[in-house]
There are 2 protein chains.
Amino acid sequence: MGTTQLESVTEPKYWHLRTVLSEALDSEFTVGEILPNERELAARFGVARATLRQALEQLELEGRLERRRGVGTTVAPPRTGVAVGTEQQLWPGTDDDAWQPVDSTLAAPPAAVATALATARDQAVHIVRRSRVSDGRPVAAELLYVPVASVPALASEPGAATVHAPTGAARARAVLGELQRLELQGQDRAVELGSARAEDARELDRLPGAPVLVVTTRFFAEGRTAALSVATYRADTCRLTFGASGGVEIQHGPERPAS
Amino acid sequence: MGTTQLESVTEPKYWHLRTVLSEALDSEFTVGEILPNERELAARFGVARATLRQALEQLELEGRLERRRGVGTTVAPPRTGVAVGTEQQLWPGTDDDAWQPVDSTLAAPPAAVATALATARDQAVHIVRRSRVSDGRPVAAELLYVPVASVPALASEPGAATVHAPTGAARARAVLGELQRLELQGQDRAVELGSARAEDARELDRLPGAPVLVVTTRFFAEGRTAALSVATYRADTCRLTFGASGGVEIQHGPERPAS
DNA sequence: TAGTGGTCTAGACCACGGG
DNA sequence: CCGTGGTCTAGACCACTAC
């Protein structure tokens, strides 16, 4: 039978281009190789640059290409498998959980976070920033919101902690350390698509608005939400893996070429 | 200190537009309301339509807007929480797992799938199609690959099964039923960003290339990968939830407005 | 400074949905 | 049929990187 169906519908040019380029990438290019520049590619295919760019955008979204202003377009390596859901429920910061503490502040969280934590609107919480690196590249930025009630031992005044911890990273570690005193009763995770805010984009070495996978994790203890993590992963380079296996298989999972 | 930093860098017009529109959506519009058309909006903001569209694309990606050709642009409801990772490891098709069997064929799988299943290149496998509906809207399309070795009781000839099961859905159910005879030893999950193939796009009521969340699940039994599921979720409308809680909270999780 | 990708424009035409 | 969003064009200029 075959799903060939004879193209009764008009296929957009950029979509056809995407397919052609995708096949070319598979057969005629190697990882890291740089493509001809956009103006030349557009000319070669006889389309406007905007149209060519639409096709390139698709391929970048799919993790096939990497584009850098001032440099060029290169063939991207297969996506990195990034472990997210160690089935074993653990507090963030336990052992070496691939995250690197950056700093920590005490401030009022966004409204949506306050709601999730069931704290008062203007109640300040610890905001711990962490970053995650894989293969030498930054892959994720995290904001961890910890209500002061979850880490009562910490001095409320930032000054007190700062004395012993001049760098923000140490303060972040202090919050994470205190958190582990609580007994973790459970956690909850959600994944959705988002676009990188300016700050995250900078940290992830992308432009603002770049597609990201947002992983929201709620940590429960003492019968309430004791902490909330919002982690932002580069969607173009990451494949989030859950479960036991570290997850290195299936090169182009989503591509699944026509049967 | 405040991260205000005085805009030393030039902010793209479309990004600023996105922010302005986003705030307008929060304060001046209600879910389901239709926005002015693109030409008028562009004129109102004094930009070209292409620029305005760039902003709208961002907002659509974030699940704030829904655009339909021939109809208009409407304010989207908050994303639907879609449960994915019932911690309890179960075969697909168990009970009512929110998926609806569509049909089933016996054919050679894509190369990447054959690799993951460790079957020979041209070895045919059962390909079960299922779809998932939430709130009356299609949210996901799945292809489930089942090597014949995993369901030996099924006749290899499609004809035999067809006699008792004229509709494809029944054949799909037959494969799922046979699968449950195996003892499930474990499973493995990965989530990544992809773009909808033409076929998936049609089923999800989107255009080809629309952003989707691709969930790849491997089912292990008898010491090997006994089945492989590739599920394609609409990225604009879905929030994938893992863990015990069904997951209805945090309205605009990823948005987290500037602190 | 030269070359790259990123942004933006002003227009045209097309495909689709609903009266 | 009309109005909508989707596609496409041919240009211009900007921001960044590397030499």
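In the text below, chain A, chain B and the rest are named by the order of the sequence lines, each starting its count at 1.
- For A:Glu40 and C:dG3, the CD to P distance is 13 Å, given to the nearest whole Å.
- Rounded to a whole Å, the CD atom of B:Glu38 is 17 Å from the P atom of C:dC16.
- Aromatic ring pairs are classed by plane angle as parallel below 30°, tilted from 30° to 60° and perpendicular above 60°; the pair A:Phe242 and B:Phe242 is parallel.
- B:Asn37 has no side-chain polar atom (N or O) that falls below the 4.0 Å cut-off from OP1 or OP2 of D:dG3.
- The backbone N or O of A:Gln58 sits nowhere less than 3.5 Å from a side-chain atom of A:Arg18 that would complete a donor-acceptor pair.
- With B:Thr51 contributing its side chain and B:Val47 its backbone, the two residues share no donor-acceptor pair below 3.5 Å.
- Here D:dT17 presents its C1' atom at 13 Å from CD1 of A:Ile34, a figure rounded to the nearest Å.
- The existence of a salt bridge linking B:Glu40 and B:Arg44 is confirmed by a sub-4.0 Å separation between a basic side-chain nitrogen and an acidic carboxylate oxygen.
- Side chains of A:Glu142 and A:Ser229: a donor-acceptor N/O pair is present below 3.5 angstrom, by distance only.
- Using a 4.0 Å heavy-atom distance criterion, A:Leu56 is classed as making no nucleic acid contact.
- Going from atom CD of B:Glu66 over to atom P of D:dG5 covers 13 Å, rounded to whole Å.
- Between A:Thr73 and C:dT4, a side-chain N or O to OP1/OP2 separation shorter than 4.0 Å is absent.
- In this structure, the CZ atom of A:Arg67 is 9 Å from the C1' atom of C:dG6, given to the nearest Å.
- Here B:Arg53 lies in heavy-atom contact (under 4.0 Å) with a base.
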Footprint string (nucleotides 8-15 of chain D, 5' to 3'): B base within contact, S backbone only, - free, heavy atoms under 4.0 Å: SB--BB-B
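- A side-chain N or O of B:Glu62 and one of A:Ser195 form a donor-acceptor pair less than 3.5 Å apart.
- Judged by distance alone, the side chains of A:Ser22 and A:Arg64 do bring a donor and an acceptor atom under 3.5 Å apart.
- B:Leu207 places its CG atom 11 Å from the C1' atom of D:dT7, with the value rounded to the nearest Å.
- Regarding B:Arg68, its CZ atom lies at a distance of 20 Å from the P atom of C:dA15, rounded to whole Å.
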